[in-house]
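Everything on this sheet refers to the single structure shown next.
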Amino acid sequence: VQLQASGGGLVQTEGSLRLSCTASGRTFSTYALGWFRQAPGKEREFVAVILWSGGPTYYADHVKGRFTISRDNRNTVYLQMNSLKPEDTAVYSCAATSTYRGWRNEDFDYWGQGTQVTVSS
């Protein structure tokens, strides 16, 4: 599975951005696709995940109510980010897994390149 992320940029506090992650290759074997982020000097952390079937979604506590993950009827997953805060500044990456083992970094098999999100105060 190959993943291509896009949509990052510079936005002011309380602004919005929508990230996209397009999957290609053996997508039929995908169980879930998630978003992670890594801020400077910090470890990569889980943000949100959606089952490839388009079913349940799960969010990290610090983005609940502000971020929404969704999938179109093809192979693109979106992360709509509203009410952005400076602490949301990070490189955002999408990742896919073919089985459920959890939502940790190590539970995902395929990774796309990151896209930078910068929120100015």
Side-chain angles (χ1 to χ4, degrees):
V1 177
Q2 292 80 48
L3 303 171
Q4 180 73 37
S6 62
L10 173 65
V11 65
Q12 292 185 331
T13 298
E14 292 299 318
S16 298
L17 278 176
R18 188 177 79 159
L19 306 183
S20 300
C21 179
T22 300
S24 60
R26 298 171 62 88
T27 59
F28 61 85
S29 66
T30 300
Y31 173 73
L33 195 146
W35 285 96
F36 291 77
R37 69 186 186 186
Q38 186 168 21
K42 296 187 177 180
E43 299 208 349
R44 186 162 57 190
E45 63 179 8
F46 169 76
V47 175
V49 67
I50 185 168
L51 299 194
W52 194 242
S53 62
T57 58
Y58 303 93
Y59 297 90
D61 288 342
H62 52 270
V63 305
K64 280 181 182 177
R66 300 188 298 123
F67 291 11
T68 302
I69 189 170
S70 62
R71 185 198 162 188
D72 67 9
N73 58 4
R74 300 188 70 179
N75 290 336
T76 299
V77 170
Y78 302 97
L79 184 69
Q80 178 66 43
M81 306 185 294
N82 298 328
S83 301
L84 283 162
K85 306 174 183 179
E87 51 264 43
D88 294 317
T89 295
V91 174
Y92 285 71
S93 302
C94 56
T97 179
S98 55
T99 60
Y100 175 73
R101 290 164 290 181
W103 306 135
R104 303 166 300 176
N105 292 334
E106 58 266 37
D107 296 322
F108 286 74
D109 308 300
Y110 309 98
W111 290 83
Q113 91 293 353
T115 185
Q116 177 71 46
V117 171
T118 303
V119 185
S120 63
S121 58

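Here, residue 1 is the first one in the sequence, and each next residue gets the next number.
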Cluster partners of F36, using ILVMFWY side-chain heavy atoms under 4.5 angstrom, listed by chain and number? Y31, F46, V49, L51, Y58, Y100, W103, F108, W111
Closest heavy-atom pair and its distance - G114, S93: CA-OG, 3.5 Å
With sequence neighbours left out, what residues match T118 under side-chain hydrogen bond (donor to acceptor under 3.5 Å, both in side chains)? Q116
For a 4.5 angstrom cut-off between non-hydrogen side-chain atoms, does W35 reach C21? yes
Show your reasoning for whether side-chain hydrogen bond (donor to acceptor under 3.5 Å, both in side chains) applies to S20 and T76. CA-CA 7 Å; S20 300; T76 299; over 6 Å; no
Beyond-backbone contact of V77 with I50, side-chain heavy atoms, under 4.5 angstrom: yes
Does the pair I69 and Y59 meet the rule for a side chain to side chain contact (heavy atoms under 4.5 Å, CB included), with working shown? CA-CA 9 Å; I69 189 170; Y59 297 90; 3.4 Å; yes
Quick check: is Y78 connected to L33 through a chain of hydrophobic side chains (ILVMFWY, heavy atoms under 4.5 Å apart)? no
All heavy atoms of D72 vs all of N75, minimum pair found to be OD1-N, 3.4 Å
Do W52 and T27 have side-chain heavy atoms sitting under 4.5 Å apart? yes
Can you find a heavy atom in the side chain of R101 that is under 4.5 Å from one in the side chain of D109? yes
Is it the case that more than 12 heavy atoms not belonging to E43 sit under 6.0 Å from its CD atom? no
To the nearest 0.5 Å, how far apart are CZ in R71 and OG1 in T57? 14.0 Å
How far apart are the C-alpha atoms of K85 and D88, what are their side-chain angles, what is the distance that settles it, and do they pass the salt bridge (Lys or Arg N to Asp or Glu O under 4.0 Å) test? CA-CA 5 Å; K85 306 174 183 179; D88 294 317; over 6 Å; no
Calculate, to the nearest 0.5 Å, the distance between atoms OG and CD belonging to S70 and Q80 respectively. 8.0 Å
Pair E87-H62, side chain to side chain contact (heavy atoms under 4.5 Å, CB included): steps then yes or no: CA-CA 10 Å; E87 51 264 43; H62 52 270; over 6 Å; no
Indicate every side-chain donor-acceptor pair of residues 1-16 with a distance under 3.5 Å to a residue at least two apart or in another chain.
unit_1: T13; atom_1: OG1; unit_2: S120; atom_2: O; d: 2.7
unit_1: S16; atom_1: OG; unit_2: N82; atom_2: OD1; d: 2.9

Does the pair F67 and L84 meet the rule for a side chain to side chain contact (heavy atoms under 4.5 Å, CB included), with working shown? CA-CA 9 Å; F67 291 11; L84 283 162; 3.8 Å; yes
Check whether T97 reaches the backbone of T99 with its side chain - one donor and one acceptor, N or O, closer than 3.5 Å. yes
NZ/NE/NH1/NH2 to OD/OE distance under 4.0 Å, D61 and K64: yes
To the nearest 0.5 Å, what is the distance between CZ on R18 and CE on M81? 11.5 Å
Output yes when a side-chain donor or acceptor of R37 lies under 3.5 Å from a complementary backbone atom of V91, and no otherwise. no
I'd like to know if the side chain of Y92 reaches the main chain of L79, judged simply by a donor and an acceptor atom lying under 3.5 Å from each other, with no hydrogens or angles considered. no
